[in-house]
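As the structure is a prediction and not an experimental result, all values here were calculated from the model. Within every chain, numbering begins at 1; the chains are lettered A, B, ... in the order of the sequence lines, protein sequences first and strands thereafter.
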2 protein chains.
Amino acid sequence: MTEDHFDDTPVQAERFSQTRTAQSQALLEDYTEMIDDLIRAHGEARITDIARLMGVTHPTATKAVARLKREGLAVSRPYRGVFLTELGSGMAERVRGRHRLVVDLLVAVGVPPEAAETDAEGIEHYVSDATLTAFAAFLTRQP
Amino acid sequence: MTEDHFDDTPVQAERFSQTRTAQSQALLEDYTEMIDDLIRAHGEARITDIARLMGVTHPTATKAVARLKREGLAVSRPYRGVFLTELGSGMAERVRGRHRLVVDLLVAVGVPPEAAETDAEGIEHYVSDATLTAFAAFLTRQP
DNA sequence: ACAGAAATGTAGCCTCGGCTACATATCCGT
DNA sequence: ACGGATATGTAGCCGAGGCTACATTTCTGT
Ligand SMILES: [Mn+2]
Ligand SMILES: [Mn+2]
Ligand SMILES: [Mn+2]
Ligand SMILES: [Mn+2]
């Protein structure tokens, strides 16, 4: 029944705000990582493959790629594959690192690998640098 | 340069699909938890307070509450506060438990408390029961 | 070389979750 | 008791991210 309900308002609101920002980035991150995966594996990333692996229809993948291009993360020409810009490659690399680190941390604390992989797909977009650093340190001293 | 790129397609697509489902639940979870907090503290949850604490404008909070009502999680009458149904209370309780468990786990592996609190606000919506169980077990043996 | 299959593009629909602007109702201090 | 402050409702805009349906282009096997 505390009456001082004004003190922590900005703090809490800021947390939710940051979460919303992360959420709006999540899709971009997954697509860049996916495109990077496909390029590594097959030399190109086709809309059909992107859509299939993301579990969406191809117009949805096309729209997502359009947003990637608009934000300077990818390039493509009609009826040709999708490729990443320097910016996109950088993002893909960082996202892949985060993904692995999150999975490793989860497994290290005892999460079953399959659950770790699934949960990491969501969690990876909400871990700050401070948290990543802590994860890495933890894994170093508990290999 | 592997050529067998069809085997793990359903698995991966299913992971992204689950992540999308979790994402669509995230907002509902945050609002129910917030409403529950406010009711505990002041006996009611007013739109203004919900909006202020969530860091959104009041029409946005109104829309969210409308969705909560539509999904049977909350009830309210015009110009009166918002209250939770049994379903909503249950969700709030589970979300609060997850939130605490995630924060505790993060802190236990060395994440600074402030970062843990912020990151948990996003992470909490993507941890499966298997992961929660593992977290609890880890915290039990590493208090 | 060409026809059918596969991939891609595009239009248009939906819901969700933000916002601003404005209308209405409730609350509260004098 | 009333008038201004505060809270709530509501309309309408936007972008994101899903979808279906259909048009067009490219690829491929014979
Ligand atoms: Mn992901
Ligand atoms: Mn990932
Ligand atoms: Mn949250
Ligand atoms: Mn929470």
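Tracing side-chain contacts under 4.5 Å through hydrophobic residues (I, L, V, M, F, W, Y), one reaches B:L53 starting from B:L27; they form part of the same cluster. Note on A:V111 and A:V103: separate hydrophobic clusters, where clusters join Ile, Leu, Val, Met, Phe, Trp and Tyr whose side-chain heavy atoms are under 4.5 Å apart, directly or indirectly. Note: the hydrophobic cluster containing A:Y126 does not contain B:M54 (ILVMFWY, side chain heavy atoms under 4.5 Å, direct or indirect links).
Counting to the nearest Å, the C1' atom of D:dG17 and the OH atom of A:Y31 are 8 Å from each other. Look at CD on B:E71: it is 13 Å from C1' on C:dG17, rounded to the nearest Å. One can place CD of A:E29 at 12 Å from P of D:dG17, the figure rounded to the nearest angstrom. Atoms CE (B:M54) and P (C:dG18) sit 7 Å apart, rounded to a whole Å. The separation between A:D49 atom CG and C:dT8 atom C1' is 12 Å, rounded to whole Å. When the P atom of C:dC16 is taken as reference, atom CG of A:L27 falls 18 Å away, rounded to whole Å. Across the protein-nucleic acid pair, B:R77 atom CZ and C:dT24 atom P stand 22 Å apart, rounded to whole Å. Straight-line distance from the CZ atom of A:F16 to the P atom of C:dG18: 11 Å, rounded to whole Å.
Legend: residues meeting side-chain contact (heavy atoms from CB on, under 4.5 Å) with B:T133, ordered by chain and number and at least two apart, are absent. Not a single salt bridge (charged side-chain N to carboxylate O under 4.0 Å, His left out) links B:E93 to another residue, sequence neighbours left out. With sequence neighbours left out, B:A108 forms a side-chain contact (heavy atoms from CB on, under 4.5 Å) with B:F138, B:L139. In terms of the side-chain contact (heavy atoms from CB on, under 4.5 Å) criterion, residue partners of B:S128 (sequence neighbours excluded) are, by chain and number, A:A115, A:D119, B:A130, B:T131.
With C:dG9, C:dC19, D:dA21 as the choices, the nucleotide that has an atom nearest any side-chain atom of B:K63 turns out to be C:dC19. Listed candidates were C:dG18, D:dC19, D:dT10. Nearest to the side chain of B:T62 is D:dT10. Closest approach to the A:T48 side chain among D:dC19, D:dT8, C:dA7 is made by C:dA7 (side chain taken as heavy atoms from C-beta onward). Out of C:dG18, D:dA21, C:dT8, the shortest distance to the side chain of A:I47 is found at C:dT8.
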Can you tabulate the close N/O pairs, meaning under 3.5 Å, that link protein atoms to atoms of nucleotides 22-26 of chain D?
from: D:dT25; atom 1: O4'; to: A:Y79; atom 2: OH; distance (Å): 3.1

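A distance of 16.0 Å separates OH of A:Y31 from CG of A:D36, quoted to the nearest 0.5 Å. The line from CE of B:M91 to CG of B:L84 is 10.0 Å long, rounded to the nearest 0.5 Å.
For B:T60 and C:dC19, the shortest distance from a side-chain N or O to OP1 or OP2 is below 4.0 Å. Applying the 4.0 Å criterion to OP1 and OP2 of D:dG17, one finds that A:R67 has a side-chain N or O inside that range. For D:dA16, the OP1/OP2 oxygens have a side-chain nitrogen or oxygen of A:R70 closer than 4.0 Å.
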- Query: Could you run down nucleotides 1-6 of chain C 5' to 3' and tag each one B, S or - for protein heavy-atom contact under 4.0 Å?
  - Reply: ------
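Residues B:Q18 and B:T21 have side chains not in contact (no heavy-atom distance under 4.5 Å, counting atoms from C-beta outward).
Comparing B:L28 and A:S76 against DNA chain C, the residue whose closest nucleotide sits nearer the 5' end is A:S76.
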